[in-house]
Amino acid sequence: MTDTLDVNYDTLIPNNVGLSSDRRVLKALEKWHPGYINWWNDLIPERFQKSQVYLRTAVSVDPKGWAKFDYVKMPEYRWGVLLAPAVEGRKIPCGEHAGEPAWQEAPGEYRAMLRRLIVIQGDTEPASVEQQRFLGLTAPSLYDLRNLFQVNVEEGRHLWAMVYLLHKYFGADGREEADDLLRRRSGSEEAPRMLGAFNEATPDWLSFFMFTYFTDRDGKMQLESLAQSGFDPLSRTCRFMLTEEAHHMFVGETGVGRIIERTCAAMKEAGVEDPYEIDRVRALGVIDLPTIQKKLNLHYTLSLDLFGQEVSTNAANAFNAGIKGRYMEHRLEDDHKLVNDSYRVWGVENGALVQQTVPALTAINMRLRDDYTRDAAGGVARWNKIIEKAGVAFETKLPHEAFNRKIGVFAGKTFGPEGKLAGGAEYDASLKDWLPTKADGDFIQSLMKPCYEPGKYAGWIAPPKLGIDNKPGDFEYVQLHMA
Amino acid sequence: MGELVKQHLIDPEICIRCHSCESACPIGAIEHDERNVVVKAEACNFCMSCIPVCPTGSIDNWRVVAKPYALADQYGWDELPAQGPAAANEDAIEATDATVAALLAEAHAGADGASRAPASAPKPTVNLYTPTKPIEATVQGNYRLTAESSGADVRHIILNFEGPFPVLEGQTLGVLAPGEDGRAHAPRLYSVSSPRDGERPGFYNVSITVKREPGGLCSNYVCDLRKGDKVKIAGPFGSTFLMPDDPQARLLMICTGTGAAPFRAFTMRRQRAVQRGGDMTLFFGARAPDSLPYFGPLNKIPHRVLRKHLVYSRIPGAPKEYVQDRLRVESEEIAEMLGDPRTHVYVCGLRGMEAGVEQAFVNIAESIGVSWTAMRDAMREEGRYHIETY
């Protein structure tokens, strides 16, 4: 297999995996390609398909100068198959095969498990584009519109990355799975996407930013642990995807941060001191901080569900097989087998939260979720910095992990955001203070009016501190197609 | 004050702690704690591997300091400290090396005040390599641009760096000609004549335009370079003679001889971008067509992209014409451009052209009842008037 840093643009599908000399896979992907383009064209409103968007495209997998920015119409975006450079002599990093040479082909005994992991990861990528398909119509600025489309085309590329693996390493089953990735639809009754959070609507831009911050961060953690896979093609694929994923984290964190910044500024200008004077704050045309907290509660807890059961044999098997590692496995200093180790997880006994000690091997999901929570807490602290700097007395925080859960030991239990078990009636009565209500959603929706003038921003969000690609404030990030 | 150093820092207010830079750094110069991501000043070798992977732009911060900020300082920051008085020469650091800074200050003196970059210009990288810590480039090509018979020997030199070299159109490179005692001579500055993505797009090679001066130590060294030769380069330098990154901006470019170098870069940059937006006008003076660098390629650029006024002072049988003469002939067009707040004026070439061009502007401004000095000063303050002469 030829293996270069630079990307080959000779074939229909840009790649650095030597597709032009791999006729079988090239043909299979070219056959899959029209279905993908149809999926894209059906999804994104036509006006945006015809607009020129200032996007980055990966031109190399070398960290130096890996991407280039230019105007492109989205259907002409060069979605490609890009793997991070192979690490010579790479070893399987964990589990019973730790220390053996990494697999370059899918090992027979783990084939089904691997395929399943790749399909689940692949399923989330187009799902989020489906969830976000109408947001362009209400973009608060051309800058944000560009960021949305950047996220969308890169999720599209991540789908390609997973589809490549399915075609290349999993034969007829893989091809079938690849077709199914285009058949399922977010929110569909007949063929929904595989994971719950990816069937929820993303109705407004606050939801979008919360989604990219919290839910895409689950994606990041999953990619981080798949980047530790002993199956080398999967590891290399995920390592390169992480380079792009960083932008999605950025969109989420700064998006929420800019909304908070604008709300605080508007409150200060109008002399509103109490953040809980919700009607007064809303009258200023900005989103009140308690509502932002409720959105945070919702998206964080939905995302926690994505990590699955706290104690899981599937996760243990994947780790033990060496096909999915832990977050930063290569930095961890233990035997990477976890045969005799234990890990503490939350459990429920007689209605109370208790810490339980379980074999570390079965707590792989829990461990990744804890890493996720630490990672997610960083941005929340920085949002609080913005509030503090503005001189508003309010603090956003992550709710307790027992709150609002649908999966795992807390599923269906009536824990509040502080981690206290509430009585059924008390829980129902308090929900409106903990999670966004229909009225909250309607209010946010009422603010969602497009602002397409270069350099201008909707009144409920502050401009960014820096332009994309160092562009000036009034740069026309999207040249909208005029019908 | 001791020697100033340039320090790479990360803006904690903008950074989202994705740690992409840390993964990209080949030498482990970047680390983080629960709060911040920081750069070890003593380890960072300015290889720039971390710059493109950053999703936020927070990575691209530099301070010129007498004493580098320690890791403990950086871990404690909520925001980046401002550039201190250590290098407070107005708002832009053109170069930290004293010799180079003096050369640039002299070249920009014609604007009669501190130069400013166009507001929309991207932030340039300066002093990545210094005369004491240069980078080695390989000569990819050396082409003569003027006819043998013309009496002028102007060369187009293409340099290849291992990996990207972050240079913007209008910036200069310092060439360090080797001295006889093994030590390099003081740098000579040459404007780059290729756009930021390279002479060949995406290849990040850089071209310079050099005229052989009789007895000139560095120019003869450069003009005699052959393909494959290694050259020591300092730079990039210069943070004000830059093009606006605003597609609507209009460019009025006036040059003689090798002063065409930055304008070649400007024009190529614009031609490679999506074709729309503000117009470009070039006044270019030479003795005759065969001594005008880039005569052939220039003529291939369509008029609608670049309005060209090629002006000759030594055509047998024709009166001598200089750029300032042609400016006066085209005074209506010039006046219209000067009156447009989107116009940026650039003058580049031999020092001798300055006075003539200035006088032409005085006349043209008067013809529309405007004081040139006031107009020029306002344009300069807005980063729309730039002079580089030598």
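Below, chains carry the letters A, B, ... as their sequence lines are ordered, and counting in each starts from 1.
The most heavy-atom pairs under 4.5 Å with chain A, out of B:Glu13, B:Lys123, B:Arg35, B:His19, come from B:Glu13. Heavy-atom pairs under 4.5 Å with chain B were tallied for A:His247, A:Arg382, A:Glu253; the largest tally goes to A:Arg382. Interface summary for chain B: among A:Glu244, A:Lys389, A:His248, the most heavy-atom pairs under 4.5 angstrom belong to A:Lys389.
Side chains of A:Asp144 and A:Ser141: a donor on one and an acceptor on the other come within 3.5 Å.
With a 6.0 Å cutoff to the six-membered ring centre and a 45° limit on the axis angle, A:Lys471 does not count as a cation-pi contact of A:Tyr477. Under a cutoff of 6.0 Å and an axis angle of 45°, A:Arg217 and A:Tyr213 form a cation-pi pair.
Using a 4.5 Å cut-off between heavy atoms, B:Asp60 contacts chain A through its side chain alone, with no backbone atom that close. Residue B:Asp11 does not touch chain A at all, counting heavy-atom pairs closer than 4.5 Å. For B:Cys15, the part lying near chain A is the backbone, with the side chain staying farther off; criterion is any non-hydrogen pair under 4.5 Å. Only the side chain of B:Ser20 comes within contact range of chain A, with heavy atoms under 4.5 Å apart.
Ring geometry for A:Trp205 against A:Phe208 counts as perpendicular: the plane angle is over 60°, on a 0 to 90° scale with 30° as the lower cut.
Applying the side chain to side chain donor-acceptor pair (under 3.5 Å) criterion to B:Gln140, with sequence neighbours excluded, gives B:Asn205. With sequence neighbours left out, the ring pair (Phe, Tyr, Trp, His ring centres under 6.0 Å) criterion links B:Phe161 to B:Phe165.
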